[in-house]
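The next block holds one structure in the form of structure tokens; read it before the comments.
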Amino acid sequence: MLSEPRSGRLAAWGNALLAGLVSPDDAVLAIVGEDAVHRVEGLPGETGPVGLTLALGRLRALGVSALRVALPAPGHPLGLSGPPEFNARALQAEEAVICHDAPFGLVPEVAEAGPEGDVHVEVVWHVLPVRQGPPADVPSLGEAERELAQALREATEVLSKLDVAGSGPVAEAAIDAYRARAERGREVLAPGYPPRAVRVLELAQRVGLLVSLAYDHGHGGAVSASEMAARGAALRPVERTARRAQVAAYNSVVEEREKKLR
């Protein structure tokens, strides 16, 4: 939860490109981020992997009008609509992008390459058939914002009980890194997203940070197996809420469009 999911970048900047709000070059630069390269494999009409610019243009020509995010976890097919084969691949990757108005989905395969000390990340997005239907368990932005407020209180209480605030320099460094990132640019989402979506995503990322700290640095009294199990039981619902809110934020463009069509 500390890092922005690649599916989020692809959906957000892909949506901005499809809406004509950014150039292809700017969209691809934002999607790739700190990775070395992204390619797309399995596009109809292509025999091998292609670059993101060509892939996004081809998806538009195939009828794709927007992109949605799925962030599934075991027992929680968040954002998925089937079929089982696609859901299984998405669950293994813990993320996916679902095309709107066309029966395609994209699942990332991430690999590291290069010698020690000069390792770079390469990503291949596999295009697979999906079933058109309502995504599983995705709240509206309003619902997500209300749920997050409660989740933030719960996460703070758990951190306090685990004495995470005093867990040392590693936790403090994580908090400082989050704050530094929050100060940079403020472009949490791509152009075209409503301010509420930005607010929800920022809060979801903050809750995710607190959950990660509680898991990684919650030494406090959580030393026995039973206490560690109790900590996990307390944090899982909070983490689930943060993931649901992330998906709601990334998918808000599609949500707003569907509201206008009703």
Residue pair R243 / Q246, side-chain donor-acceptor N/O under 3.5 Å: no
Any side-chain donor near an acceptor of the partner, Y250 and N15, under 3.5 Å: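 No, no side-chain donor-acceptor pair sits under 3.5 Å.
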Output yes when a side-chain donor or acceptor of [X] lies under 3.5 Å from a complementary backbone atom of [Y], and no otherwise.
{"X": "H120", "Y": "A113", "value": "yes"}
{"X": "E95", "Y": "S7", "value": "yes"}
{"X": "E122", "Y": "E112", "value": "no"}

Taking only residues two or more places apart in sequence or in another chain, which ones pass side chain to side chain contact (heavy atoms under 4.5 Å, CB included) with [X]?
{"X": "V28", "answer": "V32, L52, T53"}
{"X": "R199", "answer": "E145, R196"}
{"X": "P194", "answer": "L141, A197, S252"}
{"X": "A19", "answer": "L21"}

Result block: side-chain N/O donor-acceptor pairs under 3.5 angstrom for residues 55-70, not counting sequence neighbours:
residue: R58; atom: NH1; partner: P44; partner atom: O; Å: 3.2
residue: R58; atom: NH1; partner: E46; partner atom: OE2; Å: 3.1
residue: R58; atom: NH2; partner: E46; partner atom: OE2; Å: 2.9
residue: R60; atom: NH1; partner: L18; partner atom: O; Å: 3.3
residue: R60; atom: NH2; partner: L17; partner atom: O; Å: 3.2
residue: S65; atom: OG; partner: D101; partner atom: OD2; Å: 2.5
residue: S65; atom: OG; partner: R257; partner atom: NH1; Å: 3.1

E94 atom CD, neighbour heavy-atom count above 12 within 6.0 Å: no
side-chain contact (heavy atoms from CB on, under 4.5 Å) assessment of D137 paired with R240: CA-CA 11 Å; D137 198 35; R240 182 185 182 113; 3.8 Å; yes
Listed pairs under 3.5 Å, donor-acceptor, residues 80-92 side chains, sequence neighbours left out:
residue: S81; atom: OG; partner: R131; partner atom: O; Å: 2.7
residue: N87; atom: OD1; partner: G82; partner atom: N; Å: 3.2

Q150 and T241, any side-chain heavy atoms less than 4.5 Å apart: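 No, their side chains stay 4.5 Å or more apart.
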